[in-house]
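A quick write-up on the structure given underneath.
Start at 1 and go down the list; that is how both ligands and their atoms are numbered. No hydrogens, no waters, no symmetry mates; every other heavy atom, side chains included, goes into these values.
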Amino acid sequence: MEFHRKVFIRINEDVDVPLIGCLAFGIIDRGTNVIEARANSYCPLNCIFCSTDAGPYSCYRQSEYRVNRELLVSYVKDLVKLKGEDVEVHLDSVGEPLSYDELPELIQDLKSIKGVKVVSLQTHGAPLTYRLAERITSAGLDRINLSIDTTYPEKAKLLQGMPWYDLKKVMEIAEWIIKNTNTDILLAPLLLPGVNESDIEEVIEWGKKIGVGKRFPGFGIQLFLRHKHGRNPQGLKKMTFNEFIELLKSWEIKHGVRLIYDEKDFGMHSAPSLPILFQIGERVRVKVVAPGWLRNEWLAVPLGRYMNSRVITVISEKMEIGVKIPVKIIENRNNIYLAKPI
Ligand code: SF4
């Protein structure tokens, strides 16, 4: 494996860009009462199945981002006003949310926003320590979606792509959280067909034993899917989504626990969303302000109407920071903008 050097960009300190528009940082609004808040993009692990190609050995990434905490909180605050009174802020990332250096403070800030009912986060647990667990749980974190894909420490080192990954420690701290705090844990292992079916059955039994699902559903098993810029392990068995659901149904009977949920079980529903400001095919004049997340990508902000209201990722092999150019929008789903120079 080769280590690729990346540019580290602190948003608001190194470069001033809006927090809406880029998958790698800021706010993702998918039109529900769940706001995804992405404070950092980096991750210390190198999972062999990572859909976002995170970690030190990433092949496609050229930049990692850290968002200023106050700025992120102010964006969430504004969006909550639009969403209503029962918002969940989910701290997720194209990396590892636990690696954000002001995470307890961020959780506390988010919990104090009127209208925010739940703050949750997604993690593989690598940076967990008892001290960090104590700080994030007492800051008011409601739920941890913990991805543990096996109960065997040596196998976890292989799956997580790092020899230092300490699964035993992660499991011990998870158990401590369940027993000693109000924070719940949802176990979210990734099923790699042909690789870890029996491991996941053991994760289910372990979850039952420690009592996950105190306040929310206890399990959220996911099926591995190939992604264009993700890491795709070789030799996986093929499994359709219907086969996956059938497998979950059989495990529900075998293990006597519910494994299939829908959005309502998480209190999720549709809610007003931010307007899409640029349509596909629209020509927009932008200023290029920083390297983008992946290679051949650049962060740009619109000029003129909607100046600085969204960040737009421009795809181009070569570009100079500071240039002002016209681009054509090629993607705008969920206010995530991709464009090409005209
Ligand atoms: S912990 Fe998550 S973000 Fe990090 S490498 Fe693994 S799957 Fe990717």
query = To which protein heavy atom is atom 1 (S) of ligand 1 closest, and what is the distance rounded to 0.1 Å?
reply =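 Minimum-distance protein heavy atom for atom 1 (S) of ligand 1 reads H124 ND1, 3.4 Å.
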inquiry  = Please list the nearest protein heavy atom to atom 8 (Fe) of ligand 1 with its residue and the distance rounded to 0.1 Å.
reply    =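 Looking at atom 8 (Fe) of ligand 1, the protein heavy atom closest to it is C50 SG, 2.3 Å.
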Side chains of H124 and E96: donor-acceptor distance under 3.5 Å anywhere?
no
Kindly say whether I260 contributes a backbone atom to a donor-acceptor pair with the side chain of R258 at under 3.5 angstrom?
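Present.
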Notebook entry, point to check: Short question: side chain of T183, backbone of L141 - any donor-acceptor pair under 3.5 Å?
Noted result: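 A pair under 3.5 Å: yes.
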Here the atoms of ligand 1 under 4.0 Å from any heavy atom belonging to C43 are 1 (S), 3 (S), 4 (Fe), 5 (S)
Ligand 1 to L45, heavy atom cutoff 4.0 Å, flagged ligand atoms 1 (S), 5 (S)
Residues S58 and K6: closest non-hydrogen pair is CB-NZ, 4.0 Å
Smallest heavy-atom separation, K117 atom then D86 atom, equals CG-CA, 3.6 Å
task: Tell me whether C47 has at least one N, O or S atom under 2.8 Å from atom 4 (Fe) of ligand 1.
output: no
Q. Hey, does G95 sit under 4.0 Å from ligand 1 if you only count heavy atoms?
A.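 Checking ligand 1 against G95, which is what was asked, there is a heavy-atom contact under 4.0 Å.
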